[in-house]
Amino acid sequence: MRISLRVNGEETVVDDVKARNTLLDVLRDKLNLKGAKKGCEGEGCGACTVIVDSRPVYSCMYPAIAASGRDVLTVEGLEMGGELDRVQKEFVNRWAFQCGYCTPGFIMALEALVREADSNPSKLREVYGGKVRGIVEDALIGHICRCTGYEPIVETALLLLSEKGLD
Amino acid sequence: MPFNIQSLEDYYSPRTVKEACSLLLSNQDFIPIAGGSAIYIFSAKGLLQDVRGFVSLNSIPLNGIHGSDAYVELGATVTHQELLESRLQLPGVLREALLTIPKEVRSVGTVGGQLCTCFPNFDLNVALLALDAEVMVTGSDHVRSEGIEKFFKGVLEPDLRRGEIVTGIRFPKKRDLLSGYSKAALTAHGFSLISVGVALKVSGGFFEDVRVAVGGTLNTSPVRLKGVEGALRGRAVTHQTISEAAELALRDGALNVSTDFKTSSEYKRHLASVLIRRTILRVVGL
Ligand SMILES: Cc1cc2nc3c(=O)[nH]c(=O)nc-3n(C[C@H](O)[C@H](O)[C@H](O)COP(=O)(O)OP(=O)(O)OC[C@H]3O[C@@H](n4cnc5c(N)ncnc54)[C@H](O)[C@@H]3O)c2cc1C
Ligand code: FES
Ligand code: FES
């Protein structure tokens, strides 16, 4: 099957997509975007996280065909003109990674959170009863870092939210 | 269920429920797909049944969320996240259960997909059981609705016949409902060992209309603990009533659980009893 979708802002056509293929298969094997990782294939490690239509998803269990016509953002699509974006820079500043395997997933989770905070801050407040730490934990809980560097990641998230008036 | 999709060839996007049902009826090795999250993980684990075609439900308008004075009605393809963000005033048990599911799964997993997987560890199922929901089912030549308790026939076994799909679910909207959800798992985003959903009313200091649903690593689908409910209904809202009722979860026969590599059956019963007590105390404000 042929699918067309937008990947990191570019209209992209992918041929020979099988119904059994996941979005992660397409990104890594057909589009050569190796940022999203296969960490566990279905247990919820989060390394495969990308954003589809503004929402974070595990691409290892997202049917490739279902991505047809949608807007997909991966870690490769964040930098602009050779510059890292806000979340990435903050990760570097704080050493919020060690081996780096989980990092694209964590970054995409925070990118999704920042977009949520921009588009609907009052909803975020309402759903989490105003508890910003709760917002952050919920955004990160579906991610595992085996190098156990969670604190700087949580701090990064708290900082990004406070910049959006959520603190 | 579960599936092996390695020999999968076809992917259909029907426009109507009727079309979906007839595709499913005339092709034995086709299954419906909504978010796909459960299907793809089961398949990645190399599990069982060969599937040759998917019938996608996402091209059918089944994603409405409606609330009237009497009912809340959810379309089968409403995602967990859409429900969480909806304008409805969600009962506590539903909101709290949804928040235990990883956000990346909430973005894609649907109400119908969760129900039809019929897994006792799935949290929304337990909350919907506590809310006494009704499941709406359509086949190629009939429409029916069924109480959720009956719909959960067994583990991975929803009460669906070939060619039938779930179109939605609804539950009564009750004023002054007190409800809540608690989950015990080994990791922050792990499947529940035991989870408890309660929904009840209190009138003049007495329990009314009590439902206690338990899910987790059970040998059955999620269950209502009628013994516990009976020990509360009509009784005064006190620490003692609640503790005594919660103890009934320890009895043989209340929960069908086994010892596995994570926990013993005694521990699961103990967890159920503790979570029932704590959740009820919390929702009634004691
Ligand atoms: C890593 C991970 C962690 C998870 N953690 C949790 C958790 O903590 N708590 C929790 O509750 N859940 C959890 N889940 C499960 C998740 O909630 C389910 O996978 C999801 O709800 C399934 O919905 P879906 O739309 O993706 O279903 P699909 O995968 O599309 O379908 C699942 C099954 O239902 C059938 N089906 C789907 N829709 C219909 C319909 N309308 N009519 C008839 N049959 C239908 C399909 O044929 C298939 O058999 C987790 C899942 C993953 C992958
Ligand atoms: S690879 Fe997708 S959740 Fe781990
Ligand atoms: S930095 Fe190594 S797994 Fe997270």
Side-chain angles (χ1 to χ4, degrees), chain A residues 1 3 17-25 38 40-70 105 108-109 112-113 116 119-120 122-124 126-129 131 134-135 137-144 150, chain B residues 3-13 30-31 33-47 51-59 77 79-87 89-90 92 95-96 98-109 185 187-191:
Chain A
M1 244 170 282
I3 61 169
V17 176
K18 305 272 192 300
R20 62 171 175 275
N21 291 151
T22 63
L23 176 59
L24 183 65
D25 297 333
K38 190 182 278 188
C40 68
E41 219 179 4
E43 301 288 339
C45 72
C48 64
T49 302
V50 301
I51 294 180
V52 176
D53 288 348
S54 319
R55 298 200 187 272
V57 308
Y58 291 145
S59 62
C60 73
M61 61 189 80
Y62 195 96
I65 293 174
S68 155
R70 297 186 189 269
M108 295 319 287
L113 182 59
E116 230 180 311
S119 67
N120 207 347
S122 56
K123 196 77 217 178
L124 269 180
E126 183 195 318
V127 169
Y128 301 90
K131 297 195 190 89
I135 301 178
E137 283 171 3
D138 184 48
L140 299 180
I141 245 171
H143 295 258
I144 292 174
Y150 294 109
Chain B
F3 317 104
N4 173 13
I5 56 173
Q6 292 315 310
S7 51
L8 189 65
E9 287 165 14
D10 299 323
Y11 191 103
Y12 292 95
S13 300
F30 282 17
I31 56 164
I33 180 168
S37 60
I39 292 175
Y40 277 78
I41 45 173
F42 280 125
S43 176
K45 306 292 165 212
L47 294 161
V51 173
R52 208 169 47 74
F54 279 151
V55 177
S56 169
L57 303 179
N58 295 312
S59 44
T77 60
T79 66
H80 297 10
Q81 188 67 19
E82 283 164 355
L83 182 53
L84 192 60
E85 291 175 4
S86 75
R87 265 178 306 173
Q89 268 290 28
L90 293 184
R95 199 180 57 86
E96 290 167 17
L98 285 168
L99 280 170
T100 71
I101 304 174
K103 200 171 186 177
E104 284 77 0
V105 173
R106 296 202 306 261
S107 306
V108 297
T187 57
H189 71 327
F191 279 139

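Chain letters run A, B, ... following the sequence lines, proteins first and then strands; every chain starts at 1.
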Practice problem: Could you look at B/Leu98 and say if it's the side chain, the backbone, both or neither that has a heavy atom under 4.5 Å from chain A? | Solution: neither

Self-check item: Part of A/Ala112 lying under 4.5 Å from any heavy atom of chain B
Solution: neither

Exercise. Using non-hydrogen atoms and a 4.5 Å limit, figure out which bit of A/Leu140 sits close to chain B: side chain, backbone, both or neither.
Key: neither

Quiz prompt | Heavy-atom side-chain proximity of B/Val108 to A/Tyr58 below 4.5 angstrom | solution = no

Quiz item: CD1/B/Ile33 to CD1/A/Ile65 distance, rounded to the nearest 0.5 angstrom?
Solution: 8.5 Å

Self-check item: CG-OH distance between A/Leu24 and B/Tyr40, expressed to the nearest 0.5 angstrom
Solution: 12.5 Å

Quiz item: Who wins among B/Ser107, B/Pro102, B/Gly36 for the most heavy-atom pairs under 4.5 Å with chain A?
Solution: B/Ser107

Quiz item: How long is the span from the CD atom in A/Glu43 to the CD1 atom in B/Ile41, to the nearest 0.5 Å?
Solution: 7.5 Å

Self-check item: Closest heavy-atom pair and its distance - B/Arg106, A/Asp138
Solution: NH2-OD2, 2.7 Å

Exercise. Please look at B/Ser86 and chain A and tell me whether the side chain, the backbone, both or neither of the residue comes under 4.5 angstrom of a heavy atom of that chain.
Key: backbone

Exercise. Nearest 0.5 Å please: distance from the CD atom of B/Glu85 over to the CZ atom of A/Arg55.
Key: 4.5 Å

Quiz item: Looking at NZ of B/Lys103 and NE2 of A/His143, how far apart are the two atoms once the value is rounded to the nearest 0.5 Å?
Solution: 9.0 Å

Quiz prompt | Nearest heavy atoms of A/Gly44 and B/His189, plus distance in Å | solution = O-NE2, 2.7 Å

Quiz item: Taking the side chain as C-beta and beyond, is there a heavy-atom pair between A/Pro63 and B/Phe54 under 4.5 Å?
Solution: no

Quiz prompt | Gap between atom CD1 of B/Ile39 and atom CZ of A/Arg20 - 0.5 Å precision | solution = 15.5 Å

